[in-house]
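As the structure lists them, so they are numbered: ligands from 1, and atoms in each ligand from 1.
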Amino acid sequence: MEKVVALCKRRGFIFPGSQIYGGLANSWDYGPLGVELKNNIKQAWWKRFVHLREDVLGIDAALIMNPLVWEASGHVANFQDPLIECKKCHQRYRVDYIKDKICPNCGGKDSFTDEKMFNLMFKTFIGPAEEQTNTAYFRPETAQAMFVDFRNVVDTQRLRLPFGIAQIGKAFRNEITPGNFIFRTREFEQMEIEYFIPPPKSEKDWQGPFEVWRKEILAWTANDLGVGLEKIHEHEIPASQRAHYSKRTIDFEYDFPFGVSELYGLAYRTDFDLANHERYSGQNLKYRDPDTGEEFIPHVIEPTWGVDRSVLVVLIDSYTEDQGRVILKLPPKLAPIKVAVFPLLANKPDLVGKAKGIYQDLKHQFTVAWDDRGNIGKRYASQDEIGTPFCITVDFQSLEDEAVTIRDRDSAKQERVKIVDLKTHFFGKIEVE
Ligand code: ATP
């Protein structure tokens, strides 16, 4: 984990937030390479679950919603974690963070206060007066917007059940014990789908789509993130530990270096959310079956993915060392830079001109880096460290045969390809869209 964090800082994937002011505990900023990696993950997700499907449409809702939303959803009353405080050093922890009743900060044993519940929502005030009546919350999950916008989506789109509404966006939680780099932060991003189904007449009516989404989560993890499923564990959450709205929940956990922990989740939320929003808003949130005319409140299956945890898993999973050299074996379509272009020598204008032409041309297709410092070996090493899958070298022979050498990150194999064939050569190997 330390090695991944060090690489992220050294190469500009992820920096400590507000660093010049001494930082802000557990806040992180994505740097130039990190933002590309994160965007590629979001883009791959949107492509798989929105663009390639006919039954899912996307929205992008406001971060601050009417505070009644959070009353209806149960978050004001229930979105809380049990907190304990060490009486010796006054450090506060989420209860499940403490092992063997020992304070991780001062080592105090049995020094904790009784549990008290702490609401995780971030409060703010709308308008210039900081009064109780103006209190609002930064959304603690993206999900509620899909319920609140349900009527608008149904009325404006031609959708028939079952269908899903998807969203990618920021969520905020005043976590008691954030940490482990970007694993648990107070500001993070989620990719969520609310998949609406008719009210089940039997258990299998919801278990069927639940199972489909269970497989979809695994397929995404293996195919899009390139993560071996032997490192993923499905944890069936017992009824006593499930969120207030859920009839079944599976946590998809990953073998993080700091222990097995949640990566994604899947929940059957019944009609809890839409029914509550109908009650609180006084608006009709029923779906009308176009064939039978029957009106009902749909039920919902919710697969949910953390963006930042996806980034972390991809980084951890791709990190390899070979004789002390770091090679980040990112799936090519997630790599921040797809291709690096080098002139063999930086002081030969012919080579530089030819290489610059290729660089400028390929930039229209995907992200391309330029490097003319040091020798070729060093340039390869530098690109391997950030996961660039292909490097192109323009040499003296290129001036004669209009071909370049392409070197593959993982196999280190080199092949000669005509410049005119470069785009077709890369096609399908690295593009997301
Ligand atoms: P945890 O048990 O780790 O607190 P959770 O069960 O509360 O997580 P959900 O409410 O199911 O999490 O949120 C959906 C997804 O959002 C999680 O699977 C995770 O990927 C991501 N997530 C939740 N909280 C955080 C956080 N504080 N920092 C980063 N990602 C988070």
### Message
Please state which option from E141, R186, R184, E192 has its nearest heavy atom closest to atom 3 (O) of ligand 1.
### Response
R184

### Summary
In this structure, OG1 of T424 is separated from NZ of K429 (nearest 0.5 Å) by 9.0 Å

### Summary
Among non-hydrogen protein atoms, atom 8 (O) of ligand 1 lies closest to E262 OE1, 3.6 Å

### Query
Purely on distance, is any nitrogen or oxygen of G306 under 3.5 Å from one on ligand 1?
yes

### Query
Taking all atoms of both residues into account, what is the closest heavy-atom pair of I193 and F49, and its distance?
CD1-CB, 3.7 Å

### Summary
Atoms of ligand 1 under 4.0 Å from any heavy atom of Q190, numbered from 1 in the order shown, are 13 (O), 14 (C), 15 (C), 16 (O)

### Query
In the protein, what heavy atom is nearest to atom 29 (C) of ligand 1, and what distance, to one decimal place, separates them?
F183 O, 3.1 Å

### Task
Go through ligand 1 atom by atom and flag the ones less than 4.0 Å from a non-hydrogen atom of L263.
18 (O), 19 (C), 20 (O)

### Task
Run the numbers for me: atoms of ligand 1, each under 4.0 Å from some heavy atom of E175, listed by number.
24 (N), 26 (C), 27 (N)

### Task
Would you mind telling me which of R186, E187, R173 makes a side-chain contact (heavy atoms from CB on, under 4.5 Å) with F122?
R186

### Query
Cationic tip of K338 within the cone over F366's six-membered ring, i.e. under 6.0 Å and within 45° of the normal?
no

### Message
Can you report which non-hydrogen protein atom sits closest to atom 22 (N) of ligand 1, along with the distance?
### Response
F188 CE1, 3.5 Å

### Message
Under a 4.0 angstrom heavy-atom cut-off, which atoms of ligand 1 come close to Y264?
### Response
18 (O)

### Heavy-atom nearest neighbour in the protein, as seen from atom 7 (O) of ligand 1, with distance rounded to 0.1 Å
R173 NH1, 3.0 Å

### Query
By number and element, which atoms of ligand 1 are closer than 4.0 Å to a non-hydrogen atom of T304?
14 (C), 15 (C)

### Query
Would you say the ring centroid of Y254 lies under 6.0 angstrom from that of F256?
yes

### Query
Side chain, backbone, both or neither: which part of R94 comes within less than 4.0 Å of ligand 1 when only heavy atoms are counted?
side chain

#### Entry: Residues forming a side-chain contact (heavy atoms from CB on, under 4.5 Å) with T320, sequence neighbours excluded
I327, K329

### Query
Among protein heavy atoms, which lies nearest atom 28 (N) of ligand 1, and at what distance?
T185 N, 3.1 Å

### Message
With a 3.5 Å distance limit and no angle check, can you tell me whether E278 reaches the backbone of L285 through a side-chain donor-acceptor pair?
### Response
yes

